[in-house]
Amino acid sequence: MIRLFTALCKSFLKELSDRQKFQEATGAFRHSGEPCPKCGAVGKLVENGDYGRGLTSYEDGRIIDSEVRPKLFFCASCETSHALLPDIIIPYGRYSLLFVLAALIAYFERADTVEKICGQFGIAVSTIYDWRGRIASHKELMLGALLSQKQRAHSYVLGLLDSNDLSDTLRRFFRKYGFSFMQRRSAPASRCRPP
C-alpha cells in the first residue's frame, strides 16, 4: 500500500467531505519518481487501474456511505500491487479516520449512554470498545508509556484534531511502526500482474 499523508493537513481549512478529501489527495498524486513501498525501487510503479471500496463518514450529524476508487499501482521490479490510500482512510476498514475520531470524542465526552452514541454513529457497542482500545495502544506508542498515562484519551484525540500537522503526525507513526494510526491489522501485499 502506498500511503499519502496530505489529505488532512491541506483540507482541514476547507469544508470538504471525506470523499472530497480522498479525491483531492489522490487526484494530485504523481507516481513517477515514487519508490515502491515494498522494494524501494524508484520509477518502477505503473498505474494499474483502481478498485471500489466503501467509505463511511460522519458529516453534519449524518452518516454518509459512499464509494471511493483507490488507484492501484504495480511495481515492475518486485511484481507487487499497491493501493494508493490517503490519510483519511484507515487501511482494512470502512470508516474514515475522522468518523472514528468523532465517535471516540462522543464516547469520551459521555454526553449520552454508550448505546445511544453507537446508535447515533450506526456502529456496534463492540466497535466503539475496539476503537477505544486501539486509540489507547496507539497513544502509548506515540507518547511512550509514561506520558501516555498522564494524558487522557479524550484530550489526546482533541489534540490530534486541533493539530496543524495531523498528516505529519500520521506519517511519522506509519514510518516508525510500519502500520497506520488506528489500523487494526496489516496484510501482505497481493501479487498481481498488470493486464
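In this structure, Y129 and Y107 have perpendicular ring planes: the angle between them is above 60°, well past the 30° mark.
A continuous path of ILVMFWY side-chain contacts below 4.5 Å connects L141 to L170, so both sit in one hydrophobic cluster. Grouping the Ile, Leu, Val, Met, Phe, Trp and Tyr side chains by contacts below 4.5 angstrom, directly or via other members, places Y51 with L55. I63 is connected to F22 through a chain of hydrophobic side-chain contacts under 4.5 Å among Ile, Leu, Val, Met, Phe, Trp and Tyr, so both are in one cluster.
A heavy-atom distance below 4.5 Å is found between the side chains of P86 and T26. Residues H82 and F74 fail the side-chain proximity criterion, which asks for heavy atoms closer than 4.5 Å. The shortest side-chain heavy-atom distance between H31 and L84 does not fall under the 4.5 Å cut-off. Contact check for D112 versus Q120: no side-chain heavy atoms found under the 4.5 Å cut-off. A heavy-atom distance below 4.5 Å is found between the side chains of T80 and C36. Counting heavy atoms from C-beta outward, P91 and Q183 have side chains that approach closer than 4.5 Å. Looking at L16 and Q23, their side chains never come closer than 4.5 Å, going by heavy atoms from C-beta outward. Looking at heavy atoms from C-beta onward, C75 lies out of side-chain contact with K38 at the 4.5 angstrom threshold.
To the nearest 0.5 Å, atom CG of residue L101 and atom OH of residue Y58 are 14.0 Å apart. The OG atom of S57 lies 8.5 Å from the NZ atom of K21; values are rounded to the nearest 0.5 Å. To the nearest 0.5 Å, atoms CE (M142) and OH (Y177) are separated by 8.0 Å. In this structure, OG1 in T127 is found 12.5 Å from CZ in R132, a value given to the nearest 0.5 Å. Within the model, atoms CG of L104 and CZ of R134 stand 9.5 Å from one another, a figure rounded to the nearest 0.5 Å. Summarising the geometry, atom CD1 belonging to I88 is positioned 6.5 Å from atom CG belonging to L97; distances are rounded to the nearest 0.5 Å.
Taking the salt bridge (Lys or Arg N to Asp or Glu O under 4.0 Å) definition, one finds that R19 meets it with nothing, sequence neighbours left out. Applying the side-chain contact (heavy atoms from CB on, under 4.5 Å) criterion to R172, with sequence neighbours excluded, gives D165, D168, T169. Considering only residues two or more places apart in sequence or on other chains, R62 meets the side-chain contact (heavy atoms from CB on, under 4.5 Å) condition with I64. E67 pairs by the side-chain contact (heavy atoms from CB on, under 4.5 Å) definition with R69, not counting sequence neighbours. I105 is linked by a side-chain contact (heavy atoms from CB on, under 4.5 Å) to E109, H154, V157, L158, L161, counting only residues two or more places apart in sequence or in another chain.
Across all non-hydrogen atoms, the minimal contact from V42 to G33 is CG1-O, 3.4 Å. Residues C118 and I128 share a closest heavy-atom pair of SG-CG2, 3.6 Å. The two residues D87 and S167 have their closest heavy-atom pair at OD2-OG, 2.5 Å. The two residues L45 and P35 come nearest to each other via the heavy atoms CD1-O, 3.9 Å. Of all heavy-atom pairs spanning P70 and R53, the tightest one is CG-CD, 3.7 Å. Nearest heavy atom pair, residue I123 against residue A103, reads CD1-CB, 4.5 Å.
The closest donor-acceptor contact from the side chain of E47 to the backbone of K71 lies at 3.5 Å or more, if one exists at all. At least one donor-acceptor pair closer than 3.5 Å links the side chain of Q20 to the backbone N or O of S17. Without hydrogens or angle criteria, K139 side chain to Q151 main chain gives a donor-acceptor distance under 3.5 Å.
Around atom CG of D60, no more than 12 heavy atoms belonging to other residues, nucleotides or ligands sit under 6.0 Å away.
For residues 130-149, the set of pairs meeting the ring pair (Phe, Tyr, Trp, His ring centres under 6.0 Å) definition, not counting sequence neighbours, comprises Y95-W131, H138-F173, H138-F179, H138-F181.
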